[in-house]
Number of protein chains: 4
Amino acid sequence: MSTTPVGRPRSESARRAVLQAVDDLLAEVGYAGVTMKGIADRAGVGRQTVYRWWSTTAEILLEACVADARDELRTVPQPDARRDVLGYLRLLEAFLLHSHAGLCYRVLLGETQHDGAVRELVARADILAPSARACLRRVGPRLQQDLDHDLHVAELVGPVVYAVLTTGGAPDLEALTDHLLAGWSRGGPAGA
Amino acid sequence: MSTTPVGRPRSESARRAVLQAVDDLLAEVGYAGVTMKGIADRAGVGRQTVYRWWSTTAEILLEACVADARDELRTVPQPDARRDVLGYLRLLEAFLLHSHAGLCYRVLLGETQHDGAVRELVARADILAPSARACLRRVGPRLQQDLDHDLHVAELVGPVVYAVLTTGGAPDLEALTDHLLAGWSRGGPAGA
Amino acid sequence: MSTTPVGRPRSESARRAVLQAVDDLLAEVGYAGVTMKGIADRAGVGRQTVYRWWSTTAEILLEACVADARDELRTVPQPDARRDVLGYLRLLEAFLLHSHAGLCYRVLLGETQHDGAVRELVARADILAPSARACLRRVGPRLQQDLDHDLHVAELVGPVVYAVLTTGGAPDLEALTDHLLAGWSRGGPAGA
Amino acid sequence: MSTTPVGRPRSESARRAVLQAVDDLLAEVGYAGVTMKGIADRAGVGRQTVYRWWSTTAEILLEACVADARDELRTVPQPDARRDVLGYLRLLEAFLLHSHAGLCYRVLLGETQHDGAVRELVARADILAPSARACLRRVGPRLQQDLDHDLHVAELVGPVVYAVLTTGGAPDLEALTDHLLAGWSRGGPAGA
DNA sequence: GCTTAAACGAGACGGTACGTCATGTCTTAAG
DNA sequence: CTTAAGACATGACGTACCGTCTCGTTTAAGC
C-alpha cells in the first residue's frame with residue numbers, strides 16, 4: 001500500500017552537502033554563520049532545496065550531529081563500577097569539550113532555552129540520556145541498587161554539563177565519581 | 001580628583017525604561033522579540049541611546065536580571081543540613097522554572113554556548129554560584145567536611161540545571177538531597 | 001551565443017512602480033521626500049530591490065525623467081529662423097518651469113554641483129543639448145553659418161537656464177531671440 | 001534709546017571659527033561633509049551655538065562666501081567694450097571654476113533647486129548680477145544702448161554658468177564676447 | 001521514445017533588524 | 001545669557017538574512 005513516488009527523486013548528494021556545510025560553518029565561522037542562506041550557498045545548493053527538507057537551522061544541526069553523538073558516547077563495560085562511571089564521565093567530558101558533535105549539542109541546548117520548537121525537537125532526539133542509562137544499568141546491580149532513573153541520569157550528567165556550560169571546563173571527575181557512588185550505595189537520608 | 005562630568009547627564013528614566021522593556025518583551029513575545037530595535041521602540045527611547053550604554057541584547061538582559069537573581073536565590077540558614085540543602089534546591093528550582101529572572105538566566109546560558117562575548121559576560125556575573133557556595137559553607141562544617149569548591153557547586157546545582165534545561169522539569173529534590181549528603185559525608189572511594 | 005539568464009527574471013512591474021514613485025514623491029513632498037526608503041515604501045517594493053537596480057536617488061530620477069525630457073523638447077521645423085529659435089526657447093522655458101521632467105532636470109543639475117558621480121551621470125545623459133543642436137542645425141544654413149557647436153548651445157540655452165535657476169522666471173524670449181540671431185548673423189568682432 | 005545687551009556677549013571667535021570650518025569642510029571632504037554637526041565639531045564649538053545664529057548649512061555657506069564673491073568679481077573699467085566684456089567673462093569663469101567662493105556659489109545654486117528657503121536666501125544675496133550690471137552699465141553707452149536689464153545679465157552670464165554647471169568647463173569666451181556685442185549693437189529683428 | 005511530475009540551481013521579490021550617522025532639542029556646569 | 005559638552009528622540013542610511021516566488025533544467029517512472 002506504499003505510494004510510489006513520482007517525479008525526480010530526492011538528491012542524496014544535496015542532502016549530504018547540506019549536512020556537511022552546516023558542520024563546517026559551525027566550526028569555521030561560529031554559530032552566527034549558520035544561516036539558511038549561508039548553508040545553501042556553502043553547500044552549492046538552492047535555497048528552496050534546504051527549505052524543502054528542513055524548516056530551521058536547528059533541524060539541520062540536529063540531523064548533522066545526532067548520529068555522531070551516539071557513536072562518540074558509546075561506552076564499553078568495565079570490570080568495576082568506579083572505572084565504569086569514571087570512563088563514562090571522561091567520555092562525556094571529551095564529547096562536550098572537544099567533539100564537533102558536542103559543540104552542536106551545546107549550541108542546540110542553548111537554542112532550546114528560547115525556542116519551544118527546538119526544545120521539543122531536542123527532547124525527542126534525547127542525545128545524552130541513553131548513554132548515561134546504559135552506564136547506570138551496568139553499575140546499578142553492582143551496588144545492589146536500581147539506578148536507571150531520570151534523577152540518576154541528572155546526577156551523573158548534570159555536574160559535568162553545568163560546569164562545561166558555565167565555565168567552559170570540567171570538574172574533577174575522580175572525586176565526582178566517588179561522591180556519586182557513595183551517594184548511591186546507601187539510600188538512607190544523611191543528617192548533620 | 002574625580003573628573004567632573006560635563007554635558008547633559010545620563011537619563012535615569014531612559015535606563016529604567018530599557019531594562020523594563022527587555023523584561024516585558026522576553027515575557028510577552030519571547031526571545032525573538034528581544035531586539036535592539038524592539039527594545040528601543042518599546043521603551044520609547046532612541047536606538048542610539050540603547051547602543052550608547054549597551055552593546056548587545058545580552059548585556060541588557062544581564063543587567064535586567066542579575067540583581068533580581070541574587071535576591072531570589074538568597075537563602076536563610078536552616079537548623080540541619082538536610083533542610084538547608086533541600087531548601088536551597090527548592091529555591092533554585094523555583095528560580096529556574098517560574099521566575100522572570102530565571103528565564104533570563106536560562107536564555108543567557110543558552111546564548112553563552114554560541115557567543116564567546118556573552119560567555120565572558122555571564123561567567124563574570126556568576127549568578128548561581130555565590131548562593132550555592134553560601135549553602136555549602138553552612139552545610140560543610142556539619143558534615144565535618146570542607147564543601148566550598150567548584151565541584152561541590154556543580155554537584156549541587158548541576159542536576160537541577162540539567163533537568164530544567166533538557167526536559168523543562170525538575171527531578172525529585174528530596175532524593176537528590178539524600179544522595180548529595182550521603183556522597184559528601186564520607187570522602188573515600190566506593191567500589192562495587 | 002547570448003547567455004540565457006538564470007533565476008527569477010526582473011519584475012517589470014516593480015521597476016515601473018519605483019519610477020512612478022520617485023516622480024510622485026518629487027511632485028508631492030519635494031526633494032526632501034525623495035529617499036531610498038521613501039521610494040521603496042511608496043512603490044510598495046522592498047528596499048533591497050531598489051538598491052539592486054539603482055545605486056542612488058539620482059540614478060532613479062534620471063531614468064524617470066530622461067525619456068520624458070526628450071519627448072517634451074522635440075521641436076518641429078519652422079519656416080523661418082526666428083520662429084524656429086523662438087519656438088525652441090518657448091519649449092525650453094515650458095520644460096524648465098512647468099514640466100515634471102523639467103523639475104527633475106533642475107534637481108539633478110543641482111545635485112551635480114556637489115556630487116561628482118551625479119555629474120558624470122547627468123553629463124552622459126546629455127538632456128538639453130541634443131534638442132538645442134537640432135534647432136541650431138536647422139537655423140544655421142539660413143544664416144549662412146555653421147551653428148552646431150557647444151558655444152552656440154550655451155548661448156541658446158544658457159540665458160534661459162540661468163534665469164530659471166536663479167530667479168525662477170524666464171526672460172523676454174523674443175528679445176533674446178533677436179539678440180541671438182543678430183549675434184550669429186555676422187561673425188566679425190564688434191568694437192565700441 | 002539703544003537696548004543695552006545683557007549677559008555674556010556673542011563670541012566673535014566662535015563666529016569666525018564656524019565660517020572657517022564650513023569653508024574648509026567644503027574644500028576638503030566635499031558637500032557631504034558640510035553638516036551642522038560636522039561644522040560644530042570642526043570649529044570646536046557647541047552645536048547649539050551654531051543653531052543659535054544660523055538655521056541651515058546654506059545660511060552659513062552664504063555668509064562664508066558672499067563677501068569673497070563680491071571682491072573676486074570686482075572689475076576695473078577697460079578702454080573699449082570688447083575688452084571690458086571679455087575681462088568680465090574671464091573673471092566670471094575663474095570665479096566659477098577655480099575660486100573657493102565660486103564653489104560655494106555653485107553648491108548654493110544647486111541647493112536652490114530643491115529647497116525654497118535657500119532659493120529665497122540666494123536670490124536676496126544676488127551674488128552675480130551686481131558685477132554683471134556694472135559691466136553692462138559701462139558697455140551700454142559705448143554701443144548707444146541701454147544694457148542694464150535682467151535679459152542682458154542673463155545673456156552675459158548664462159552661457160558661462162550653463163557650460164560650467166553642465167560640463168564643468170567654460171566655452172570660447174572671445175567668440176562669446178563677439179556674439180554678444182554683435183547681438184546688442186543693433187536692436188532690430190534678424191530674419192533668415 | 002514521450003510524457004508527466006517533482007526536485008534541482010539560481011536568483012529576484014517584499015520584509016525587517018542590523019549598527020551608524022545627522023537631525024534639532026534638551027540639560028548640565030562654567031564663563 | 002552665552003558657551004562647550006554631550007545625552008536625548010527621531011529617522012534615513014546601506015547591508016544581511018528571512019521565507020516565498022518564479023524561472024529554465026535535470027532526472028526518473030510510466031505510458
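Below, chain A is the first sequence line, B the second, and so on; all start at residue 1.
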Say you draw a straight line from CD1 of C:I127 to SG of C:C65; how long is it, rounded to the nearest 0.5 Å? 4.5 Å
Kindly state which residues belonging to residues 11-28 of chain C come within less than 4.0 angstrom of DNA chain F, counting heavy atoms of the residue only, listed by number. none
Across all chains, not counting sequence neighbours, the side-chain contact (heavy atoms from CB on, under 4.5 Å) partners of D:A43 are D:A17, D:V18, D:A21, D:V45
Are C:V34 and C:V107 packed together at the side-chain level, in the sense that at least one heavy-atom pair is separated by less than 4.5 angstrom? no
Output for pair (C:T57 OG1, C:L62 CG), nearest 0.5 Å, gives 11.0 Å
How long is the straight-line distance from CD1 of C:I39 back to CG of C:L19, given to the nearest 0.5 Å? 9.5 Å
Hits for side-chain contact (heavy atoms from CB on, under 4.5 Å) against C:S99, two or more places apart or cross-chain, chain-then-number order -> C:E72, C:F95, C:A101
Below 4.0 Å from chain A heavy atoms, what is the first contacting nucleotide of DNA chain E and what is the last? E:dA5 to E:dA12
For the residue pair C:C104 and C:V66, establish whether any side-chain heavy-atom pair is separated by less than 4.5 Å. no
From CZ of C:R8 over to P of F:dC23, roughly how many Å is that when rounded to an integer? 8 Å
Hits for ring-ring contact (aromatic ring centres under 6.0 Å, His included) against B:H114, two or more places apart or cross-chain, chain-then-number order -> A:Y31
Report, one pair per line, the protein and nucleotides 29-31 of chain F atoms (nitrogen or oxygen only) whose separation is under 3.5 Å.
none

Mind running a 4.0 Å heavy-atom check of residues 40-63 of chain B against DNA chain F and sending the residues that fall below it, in number order? B:G44, B:V45, B:G46, B:R47, B:T49, B:R52, B:W53
Side chain to side chain donor-acceptor pair (under 3.5 Å) partners of B:T56, counting only residues at least two apart: none
Considering heavy-atom distances to DNA chain F, does A:T35 or C:P9 have its closest nucleotide positioned more toward the 5' end? A:T35
Run the side-chain contact (heavy atoms from CB on, under 4.5 Å) test against D:R119 and tell me which residues pass, sequence neighbours left out. C:R106, D:T112, D:Q113
Filter on salt bridge (Lys or Arg N to Asp or Glu O under 4.0 Å), then keep only pairs touching residues 45-60 of chain A, sequence neighbours left out; what's left? none
Listed partners of D:E12 passing salt bridge (Lys or Arg N to Asp or Glu O under 4.0 Å), at least two apart: D:R15, D:R16
Salt bridge (Lys or Arg N to Asp or Glu O under 4.0 Å) pairs, two or more places apart, involving residues 26-44 of chain C: C:D24-C:R42, C:E28-C:R42, C:K37-C:D41
